[in-house]
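One structure below.
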2 protein chains.
Amino acid sequence: MAELTGDELVRVLATLASPHRMRVLAALSTGRHYVSALARDLGISRALLQVHLKKLERAGLVSAELELSEDGKAMKYYQVNAFALQLTPQSVAAAAKTLTNDAADGPDRGAQQNGDS
Amino acid sequence: MAELTGDELVRVLATLASPHRMRVLAALSTGRHYVSALARDLGISRALLQVHLKKLERAGLVSAELELSEDGKAMKYYQVNAFALQLTPQSVAAAAKTLTNDAADGPDRGAQQNGDS
DNA sequence: AGCACCTGCCAATAATCATTTGCGGGTAGC
DNA sequence: GCTACCCGCAAATGATTATTGGCAGGTGCT
């Protein structure tokens with residue numbers, strides 16, 4: 001994941017630019033955790049955490065696996081995906097040239113139609 | 001500008017995570033420009049550009065100088081400030097630990113640095 | 001059965017942001 | 001005076017987002 005398109009970069013940065021998500025990432029950087037435990041740990045509701053995890057996942061920053069605990073419960077374990085982004089005026093300028101969205105600005109909804117499963 | 005606090009990082013990332021701002025940065029990376037020209041160049045209104053420039057400036061990504069053109073007009077020239085951010089799970093996790101805002105998430109409103117009590 | 005724990009999703013509300021439009025001021029030149 | 005260019009700001013609107021709370025399903029234990 002060396003070169004990201006402008007749109008992807010926007011998504012990653014927007015995803016990272018959030019205290020909650022930063023904390024989630026920090027928590028996960030110490031190892032995998034399952035949703036409920038993580039929510040308790042961070043002191044936020046599960047619903048809220050889910051949303052943030054989903055965004056982090058969509059940005060490709062974390063990934064998850066659904067596993068069955070020994071006592072039969074379904075647990076979803078999340079973990080951070082390694083990444084390294086170098087941000088400089090040049091890298092940003094380069095990414096800007098690949099932006100597709102030429103009008104909207106906000107957190108872009110993005111993406112052109114993609115089935116995105 | 002090696003180490004940024006979590007809050008500062010959030011601000012920088014949030015500022016960078018915008019197509020408009022990315023383009024502005026790209027445009028400025030080729031040299032200084034004054035507001036009106038830049039607006040025409042990017043095809044956006046001056047008012048809008050001002051807002052984005054202000055955010056970029058607040059995040060420390062660009063700086064400006066008001067100069068007098070030979071024909072007496074006041075022109076505000078903007079230029080990019082050099083910066084280099086390395087984003088990795090570790091750097092983000094480290095920044096997360098310095099976050100002051102422990103509840104809010106969205107685009108930060110500015111830290112309520114508790115004046116203590 | 002009832003309780004405790006896990007997961008996922010949706011509707012509603014509050015809070016925030018992005019963008020437009022209009023106005024104010026200033027200098028130079030026809 | 002009027003027009004063209006520069007700058008800045010603020011109120012209003014529309015569009016998104018963040019967050020909550022409730023409800024759904026599942027397993028295992030007492």
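Letters A, B, ... are given to chains in the order of the sequence lines, protein chains preceding strands, and every chain is numbered from 1. Source: prediction; values computed, not measured.
- Side-chain atoms of B:L48 lie closest to C:dT19 of the nucleotides C:dG8, D:dT20, C:dT19.
- Contact annotation: the side chain of A:H33 approaches that of A:L28 to within less than 4.5 Å [non-hydrogen atoms, C-beta and beyond].
- The shortest distance between side-chain heavy atoms of A:M22 and B:L9 falls below 4.5 Å.
- In this structure, NE2 of B:H20 is placed 17 Å from P of C:dC17, rounded to the nearest angstrom.
- Side-chain contact check for A:S69 and A:D71: at least one donor-acceptor pair (N or O, by modelled atom type) lies under 3.5 Å.
- At whole-Å resolution of the value, CD in A:E57 and C1' in C:dT7 are 14 Å apart.
- Proximity of B:L61 to B:N81: side-chain heavy atoms (C-beta onward) are nowhere separated by under 4.5 Å.
- In this structure, B:Q90 and A:S29 have side chains that are not in contact, with every pair of non-hydrogen atoms separated by 4.5 Å or more.
- The distance from the CZ atom of A:R40 to the CG atom of A:L49 is 11.0 Å, given to the nearest 0.5 Å.
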Which protein N or O atoms sit under 3.5 Å from an N or O of nucleotides 10-14 of chain C?
none

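- B:Q50 has its CD atom 12 Å from the P atom of D:dA10, to the nearest Å.
- Phosphate proximity of D:dC6 to B:R40: present, with a side-chain N or O under 4.0 Å from OP1 or OP2.
- In this structure, A:L99 and A:V10 have side chains that are in contact, with non-hydrogen atoms separated by less than 4.5 Å.
- Under 4.0 angstrom from either OP1 or OP2 of C:dC5 there lies no side-chain N or O belonging to A:S36.
- Separating the CG atom in B:L85 from the CG atom in B:L13 is a distance of 7.0 Å, to the nearest 0.5 Å.
- At the phosphate of C:dC6, OP1 or OP2 sits under 4.0 Å from a side-chain N or O atom of A:Y34.
- Protein atom CZ of A:R46 is 15 Å distant from nucleotide atom P of C:dA4, rounded to whole Å.
- OP1 or OP2 of D:dC9 sits under 4.0 Å from a side-chain N or O of B:K54.
- Side-chain nitrogen and oxygen atoms of B:S45 include none within less than 4.0 Å of the OP1 or OP2 phosphate oxygen of C:dT19.
- Residue B:Y34 belongs to a hydrophobic cluster whose other members are B:M75, B:Y77, with links defined by side-chain heavy atoms closer than 4.5 Å.
- Against DNA chain D, the stretch residues 62-77 of chain A makes heavy-atom approaches under 4.0 Å through A:D71, A:G72.
- Protein atom CG of A:L49 is 11 Å distant from nucleotide atom P of D:dT19, rounded to whole Å.
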